[in-house]
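This report refers to the structure that appears directly beneath it.
Keep in mind the model is a prediction, meaning the values are calculated, not measured.
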Amino acid sequence: KGLTGGVMALGLTVASQKIYDAFLSDEIGKALLHGHSFTGNPLACSAACASLDVLESAESQQRVERIVNAHAQFIEKYKDSDFFKSIKHQGTILSLEVNVGEESSYFSSIRTEAYNHFLENEILLRPLGNVIFINPPYCITESELNHVYQHIIEFLEGWFRK
């Protein structure tokens with residue numbers, strides 16, 4: 001907990017067994033002497049291990065379950081709403097395809113208005129056209145998640161009244 005500072009990449013070199021075997025030798029001339037700049041960086045590896053420890057903790061798993069359940073309740077409440085062409089979730093990611101009366105598109109005009117509405121209400125969501133994805137951090141509180149849901153519905157109520 002509490003790691004701060006710059007972000008460092010964690011790189012790998014991945015290859016099939018056949019490729020790996022072709023470079024496996026005690027002779028330096030056969031070695032694959034190329035890799036990502038940060039491959040094996042001890043600080044990046046330590047941060048990755050600490051992150052996995054946090055992710056695998058009982059507390060994090062409870063938070064994930066809380067988000068999954070909240071998304072399921074939101075879907076149940078709005079699954080028959082005319083607002084949505086499609087509403088679904090996979091784990092902690094909620095996908096809301098807004099029914100804009102046309103084919104879905106990354107260039108749907110609803111995107112900019114939705115984005116601005118969310119920012120004005122202290123929510124950072126980046127709609128992809130008429131699809132709104134909610135991928136909350138596991139530390140989000142129930143109150144904060146309800147704030148997000150509330151402002152999505154508030155925005156859509158205004159959008160559909162036009």
Side-chain angles (χ1 to χ4, degrees), residues 1-16 36-38 41 43-162:
K1 279 188 169 179
L3 288 178
T4 59
V7 176
M8 302 183 85
L10 177 63
L12 334 165
T13 301
V14 180
S16 68
H36 190 279
S37 299
F38 293 106
N41 179 299
L43 181 57
C45 289
S46 178
C49 288
S51 181
L52 288 171
D53 289 344
V54 170
L55 175 65
E56 293 171 346
S57 73
E59 181 182 6
S60 285
Q61 292 307 303
Q62 290 168 353
R63 289 175 175 180
V64 166
E65 191 64 30
R66 182 178 45 77
I67 294 167
V68 169
N69 291 335
H71 286 346
Q73 290 173 8
F74 182 87
I75 289 171
E76 187 60 32
K77 184 173 182 178
Y78 291 101
K79 68 182 178 185
D80 297 322
S81 169
D82 291 336
F83 291 155
F84 303 111
K85 189 174 192 178
S86 169
I87 182 171
K88 57 191 171 193
H89 78 104
Q90 179 67 45
T92 60
I93 302 172
L94 178 63
S95 170
L96 309 169
E97 183 178 1
V98 179
N99 187 3
V100 291
E102 56 195 47
E103 190 167 322
S104 293
S105 166
Y106 283 158
F107 306 105
S108 176
S109 62
I110 197 171
R111 180 245 172 253
T112 302
E113 287 185 52
Y115 180 76
N116 290 334
H117 174 84
F118 299 141
L119 280 182
E120 288 167 8
N121 290 283
E122 300 180 339
I123 301 167
L124 182 58
L125 290 179
R126 189 183 60 118
L128 296 174
N130 63 304
V131 180
I132 301 169
F133 289 98
I134 304 172
N135 188 10
Y138 298 159
C139 61
I140 194 168
T141 66
E142 185 176 346
S143 174
E144 291 167 335
L145 192 52
N146 286 331
H147 177 80
V148 172
Y149 295 147
Q150 172 192 340
H151 283 285
I152 287 171
I153 297 305
E154 179 182 289
F155 170 76
L156 293 173
E157 287 172 346
W159 174 265
F160 279 90
R161 272 190 293 233
K162 290 187 198 177

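Residue F83 places its CZ atom among more than 12 non-hydrogen atoms of other residues, nucleotides or ligands, all under 6.0 Å distant. With a 6.0 Å radius and a threshold of 12 heavy atoms from other residues, nucleotides or ligands, Y115 has its OH atom at or below the threshold. Shown here is Q90, whose CD atom has no more than 12 heavy atoms of other residues, nucleotides or ligands within 6.0 Å. Atom CG of D82 sits in a sparse spot, with 12 or fewer heavy atoms from other residues, nucleotides or ligands closer than 6.0 Å.
Residue I140 holds its CD1 atom at 4.5 Å from CG of L145, rounded to the nearest 0.5 Å. Atom OH of residue Y138 and atom CD1 of residue I67 lie 7.0 Å apart, to the nearest 0.5 angstrom. Here I134 contributes atom CD1 and L94 contributes atom CG; the two are 4.5 Å apart, rounded to the nearest 0.5 Å. Atom CZ of F155 and atom CD1 of I153 lie 11.0 Å apart (nearest 0.5 Å). One distance of note links OG of S51 with CD of E56; it measures 9.5 Å at 0.5 Å rounding. Here the CZ-CG distance, from R161 to L156, works out to 11.0 Å after rounding to the nearest 0.5 Å.
Checked by atom type and distance alone, the side chain of S60 pairs as donor or acceptor with a backbone atom of V54 at under 3.5 Å. Side-chain atoms of H89 never come within 3.5 Å of backbone atoms of A70 as a donor-acceptor pair (strictly under, hydrogens ignored).
Under the 4.5 Å side-chain criterion, counting only non-hydrogen atoms from C-beta, L128 is not in contact with R111. Side-chain contact between E120 and H151 is absent, with no heavy-atom pair separated by less than 4.5 Å. Using a 4.5 Å heavy-atom cutoff, the side chains of Q62 and R66 are not in contact.
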Steps toward side chain to side chain contact (heavy atoms under 4.5 Å, CB included) verdict (Q61, L55): CA-CA 7 Å; Q61 292 307 303; L55 175 65; 4.2 Å; yes
Practice problem: With side chain to side chain contact (heavy atoms under 4.5 Å, CB included) as the test, would you mind laying out the steps for L96 and V131 before giving the verdict? | Solution: CA-CA 6 Å; L96 309 169; V131 180; over 6 Å; no
Going through the distances and angles, do V98 and F160 end up as a side chain to side chain contact (heavy atoms under 4.5 Å, CB included)? CA-CA 10 Å; V98 179; F160 279 90; 4.1 Å; yes
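K79 pairs by the side-chain hydrogen bond (donor to acceptor under 3.5 Å, both in side chains) definition with E76, not counting sequence neighbours.
Tested against N130 for a side chain to side chain donor-acceptor pair (under 3.5 Å), the candidates S105, S108, S104 yield a single pass: S104. A side chain to side chain donor-acceptor pair (under 3.5 Å) with Y149 holds for exactly one of K77, Q73, E154, H71; it is H71.
With salt bridges taken as basic N to acidic carboxylate O contacts below 4.0 Å, one links R63 and E59.
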